[in-house]
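Heads up, the thing below is written out as structure tokens.
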Amino acid sequence: MARHLTVGAAQMGPIGRDESRADCVVRLTSLLEDAASRGCELVVFPELALTTFFPRWFTDDADEMESWFEADMPNTATQPLFDRAKELGVGFSLGYAELVVGADGTRHRYNTQILVERDGTTVGKYRKVHIPGHESNEPGRPFQHAERHYFEPGPDGFEVWNAFGGRVGMAICNDRRWPETYRVMGLKGVELILIGYNTPLHYEPDPQQNALAGFHNHLVLAAGAYQNGTYVVGVAKGGIEEGVDSLAQTAIFAPSGQIVAQCITTGDEVAVARLDLDFCSFYNNTLFDFDRYRIPKHYRLIAEEGGGA
Ligand code: CDV
């Protein structure tokens with residue numbers, strides 16, 4: 001039986017510093033309803049979709065820092081989104097800042113993305129591994145990118161879940177530039193990778209990269225898809241947010257590396273594609289047949305004989 005899944009890449013335009021979680025949830029729910037009316041079964045939202053991109057401002061005040069974080073998911077502010085999604089029978093993936101308080105009282109702050117199935121159950125959470133930016137205040141910059149001050153790297157690596165009729169994984173923003181992000185999931189049989197991002201068009205450490213932001217974005221998403229025989233959904237929070245212009249370019253990539261849907265604005269917009277998850281096997285069972293082309297013959301013989309060393 002064919003495994004088709006209609007996916008919506010729900011790009012967001014800027015979120016102002018004074019926009020509340022409730023304001024954001026209204027926008028997210030509207031995107032979700034638009035996607036549902038167009039047949040989507042899964043909707044993917046950007047990185048940190050409940051707040052402005054707060055690492056843009058440096059603070060040492062622990063309370064101020066944690067005011068951007070969610071200790072529970074769902075919580076009072078996000079429950080309406082969870083309820084509406086369940087009512088519509090649409091799953092979703094949502095990026096947000098997560099506060100985890102350990103049994104011993106230790107506090108951990110992660111840049112997190114959650115995956116929720118069509119029946120409202122939580123499939124899993126991914127916590128961003130590659131944390132870019134800087135650790136301390138750098139007043140000479142036109143704006144801060146203090147992710148390394150706000151977040152610690154996720155301890156769990158890249159997981160792949162059985163969900164939505166296929167094998168689904170997640171990554172967040174800077175993760176998409178690193179080949180191992182896709183490869184780890186590729187070797188676990190991933191068929192669909194969901195990636196939210198916030199990418200300022202100005203990169204202070206090396207501004208000559210600014211003009212290449214869009215090229216690099218599509219380069220890594222397309223290569224990750226093709227080299228691992230998987231669909232990749234890249235979803236931006238784009239446009240000019242609090243004076244900082246960020247890349248939009250939300251798009252869905254096929255295992256061939258081709259774009260099958262993309263947004264044309266820098267604001268709230270859903271790009272929709274009907275994916276055939278079986279299409280992944282064309283690549284994974286031919287050109288990228290890992291067992292055939294990469295596992296040494298010696299080991300294959302041992303495996304076939306069911307023997308030990
Ligand atoms: N949110 C991000 O991870 N942004 C980075 C920027 C700092 C380059 C990115 O890789 O897009």
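Below, each value reflects all heavy atoms present in this structure, side chains not excepted, and no hydrogens, waters or symmetry copies. Counting convention: from 1, in listed order, for ligands and their atoms alike.
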Exercise. Ring centres of Phe53 and His145 under 6.0 Å apart?
Worked result: yes
Seminar exercise, completed: Counting heavy atoms under 4.0 Å, the part of His145 that contacts ligand 1 is side chain
Exercise. Any idea which protein heavy atom is nearest atom 11 (O) of ligand 1, and the distance to it?
Worked result: Thr199 OG1, 2.7 Å
For this session: Could you tell me which atoms of ligand 1, counted from 1 in the order shown, lie closer than 4.0 angstrom to a heavy atom of Glu47?
Result: 1 (N)
Exercise. Can you list the ligand 1 atoms lying under 4.0 Å from a non-hydrogen atom of Asn198?
Worked result: 1 (N), 2 (C), 4 (N)
Problem set entry | Centroid-centroid under 6.0 Å between Phe69 and Tyr110 rings | no
Exercise. When you measure from atom 3 (O) of ligand 1 to every protein heavy atom, which one gives the shortest distance, and what is it?
Worked result: Lys128 NZ, 2.8 Å
Exercise. Any sub-3.5 Å donor-acceptor pair from Arg3's side-chain atoms to Gly165's backbone N or O?
Worked result: yes
Exercise. With under 30° as parallel and over 60° as perpendicular, where do the rings of His130 and Trp178 fit, or are they tilted in between?
Worked result: parallel
Seminar exercise, completed: atom 10 (O) of ligand 1 sits nearest the protein heavy atom Arg177 NE, 2.7 Å
Exercise. So, Ser281 versus Asp278: side-chain donor-acceptor pair below 3.5 Å or not?
Worked result: no
Seminar exercise, completed: the protein heavy atom lying closest to atom 2 (C) of ligand 1 turns out to be Cys173 SG, 2.7 Å
Exercise. Can you tell which part of His216 has a heavy atom less than 4.0 Å from ligand 1: side chain, backbone, both or neither?
Worked result: neither
For this session: Determine whether any heavy atom of Pro132 lies closer than 4.0 Å to an atom of ligand 1.
Result: yes
Exercise. So, is Tyr203 polar-close to ligand 1, with some N/O to N/O distance under 3.5 Å?
Worked result: no
For this session: Can you label the angle between the Phe58 ring and the His149 ring as parallel, tilted or perpendicular, going by 30° and 60°?
Result: parallel
Exercise. Is a donor on one side and an acceptor on the other found under 3.5 Å between the side chain of Gln113 and the backbone of Leu194?
Worked result: yes
Exercise. For ligand 1, which atoms have a heavy atom of Asn174 less than 4.0 angstrom away?
Worked result: 3 (O), 9 (C), 10 (O)
For this session: Please find out if less than 6.0 Å separates the ring center of Phe253 from that of Tyr231.
Result: no
